[in-house]
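Before any comments, here is the structure.
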Amino acid sequence: MSEKDLYLAAILAGDRQAAIDVALGVVQRGGAVGDLYVEVLQESLYEVGRLWESNQISVAVEHLATGITQVVLARLYEHLPRSTASRGRIVLTGIEGELHQVGGHMVADTLESDGWEVRFLGAGVPVPEILDAIGEHHPEVLGISCTMLQNLPKAASLIGSVRATFRESSPWIIVGGGAFRTEPGKVVEIGADGWAPDLRSVAGVVRSLSRTAGRPGEALEH
């Protein structure tokens with residue numbers, strides 16, 4: 001069985017130690033943590049989501065698999081490679097009303113590994129608290145995760161609030177998550193500057209935005 005199959009079996013069985021052993025085993029054999037995130041953890045969680053959507057597993061099993069993966073991410077954090085670059089500051093957040101934050105956690109780790117100073121606020125954060133975090137940390141980039149199509153209006157409203165509150169000092173805004181994979185055309189429509197379709201692309205997209213001439217709000221497709 002592949003590492004992905006072994007990991008998926010472990011999290012579906014609720015076997016936290018087996019999942020940790022699979023992940024750390026990949027690292028100990030010289031595997032890259034970034035590849036492990038994409039090819040094992042992310043793909044396994046996609047499959048968990050598909051199983052839940054098709055009623056093959058319960059919401060309890062889905063939550064348990066997700067919780068185990070959060071534990072695994074904490075164990076893998078110390079093994080992340082660290083860039084010597086200092087690229088700037090970024091705030092990452094989920095949309096108010098959403099609960100899934102494992103994807104955002106992986107994005108935060110990926111960007112920190114690439115040399116960014118990351119503040120990951122988590123999922124379900126109220127807009128005023130996001131605005132407070134931007135005012136406190138002065139990020140060059142704001143990353144917004146939206147997993148559900150019905151929450152795209154909330155993402156648009158958040159972007160509008162950021163633009164209105166910070167005006168000339170607004171950060172670049174990048175979006176990602178399941179909602180945009182389903183409706184990529186919404187990226188420009190809601191006023192974002194760019195989007196990352198997957199974990200492998202996020203560091204490059206954020207770098208390109210931070211180097212782009214012009215002002216945030218002049219939406220670009222990436």
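Quantities reported herein were computed from a predicted structural model and do not represent experimental measurements.
Contact check for Arg119 versus Pro139: no side-chain heavy atoms found under the 4.5 Å cut-off. Proximity of Gln42 to Tyr46: side-chain heavy atoms (C-beta onward) are separated by under 4.5 Å at one or more points. Side-chain contact between Leu80 and Tyr37 is present, with at least one heavy-atom pair separated by less than 4.5 Å. The side-chain heavy atoms of Ile159 and Ser157, taken from C-beta on, include no pair separated by under 4.5 Å. Here the side chains of Thr110 and Ser113 are not in contact, with every heavy-atom distance at 4.5 Å or above. The closest side-chain heavy-atom distance from Leu51 to Leu12 is below 4.5 Å. The shortest side-chain heavy-atom distance between Met106 and Leu41 falls under the 4.5 Å cut-off. Between Val38 and Asp198 the shortest side-chain heavy-atom distance does not fall below 4.5 Å.
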Check the pair Asp35 / Arg200 against salt bridge (Lys or Arg N to Asp or Glu O under 4.0 Å), numbers first and verdict last. CA-CA 9 Å; Asp35 290 340; Arg200 288 199 191 279; 3.0 Å; yes
Derivation of the side-chain contact (heavy atoms from CB on, under 4.5 Å) call for Val102 and Gln70: CA-CA 6 Å; Val102 175; Gln70 289 178 309; 3.5 Å; yes
Would you check, one step at a time, whether the test side-chain contact (heavy atoms from CB on, under 4.5 Å) holds for Leu76 with Leu24? CA-CA 7 Å; Leu76 290 173; Leu24 292 182; 4.0 Å; yes
Give the C-alpha distance, both sets of side-chain angles, the deciding distance and a yes or no for side-chain contact (heavy atoms from CB on, under 4.5 Å) between Lys186 and Leu149. CA-CA 10 Å; Lys186 296 293 186 181; Leu149 283 173; 5.8 Å; no
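No more than 12 heavy atoms of other residues, nucleotides or ligands lie within 6.0 Å of CZ in Arg75, so this atom counts as exposed by the packing criterion. Residue Leu99 places its CG atom among 12 or fewer non-hydrogen atoms of other residues, nucleotides or ligands, all under 6.0 Å distant.
Rounded to the nearest 0.5 angstrom, Leu45 CG and Ile68 CD1 are separated by 10.5 Å. The CD atom of Glu117 sits 6.5 Å away from atom CZ of Arg89, with the distance rounded to the nearest 0.5 Å. Atom CD1 of Ile90 sits about 5.0 Å away from atom CG of Leu111, to the nearest 0.5 Å. Remark: Ser169 OG to Ile134 CD1 distance equals 9.5 Å, nearest 0.5 Å. Leu36 contributes atom CG, which lies 12.0 Å from atom CD of Glu43 (distance to the nearest 0.5 angstrom). Rounded to the nearest 0.5 Å, atoms CD (Glu47) and NZ (Lys4) are 5.0 Å apart.
When every heavy atom of Ala108 is checked against every heavy atom of Phe120, the shortest pair comes out as CB-CB, 3.9 Å. The two residues Ala179 and Leu152 have their closest heavy-atom pair at CB-CD2, 3.9 Å. Residues His79 and Val33 come closest through the heavy atom pair O-CG2, 3.4 Å. In this structure, Trp195 and Phe180 approach most closely via the heavy-atom pair CZ3-O, 3.7 Å. Nearest heavy-atom pair across Val202 and Ala196 is CA-CB, 3.7 Å. Leu64 approaches Gly14 most closely through the heavy-atom pair CD2-CA, 3.5 Å.
Under the 3.5 Å distance criterion, the side-chain polar atoms of Asn151 are left unmatched by any main-chain donor or acceptor of Lys154. Here the side chain of Ser208 pairs a donor or acceptor atom with the backbone of Val205 at under 3.5 angstrom. Although no hydrogens or angles enter the test, the distance criterion places a donor-acceptor pair under 3.5 Å between the side chain of Gln101 and the main chain of Ala123.
In this structure, Val71 is a member of the same hydrophobic cluster as Val40, with clusters built from ILVMFWY side-chain heavy atoms closer than 4.5 Å. Grouping the Ile, Leu, Val, Met, Phe, Trp and Tyr side chains by contacts below 4.5 angstrom, directly or via other members, places Met148 apart from Ile130. Placement of Ile11 and Met1 within a single hydrophobic cluster is found when ILVMFWY residues are connected by side-chain heavy-atom separations under 4.5 Å, directly or transitively.
Residues Asp109 and Tyr77 bring no donor and acceptor atom of their side chains to less than 3.5 Å of each other. Checking Tyr7 against Ser2 by side-chain atom types alone, no donor-acceptor pair falls below 3.5 Å.
Using a 4.0 Å cut-off between charged nitrogen and carboxylate oxygen, Glu112 and Arg87 do not count as a salt-bridge pair. Using a 4.0 Å cut-off between a side-chain N of Lys or Arg and a carboxylate O of Asp or Glu, Arg207 and Asp114 qualify as a salt bridge. Between Arg50 and Glu53, no side-chain nitrogen of the basic residue sits less than 4.0 Å from a carboxylate oxygen of the acidic one, so the salt-bridge criterion is not met.
Checking each of Leu92, Asp193, Leu209 against Ile174 for a side chain to side chain contact (heavy atoms under 4.5 Å, CB included) leaves exactly one that passes, namely Leu209.
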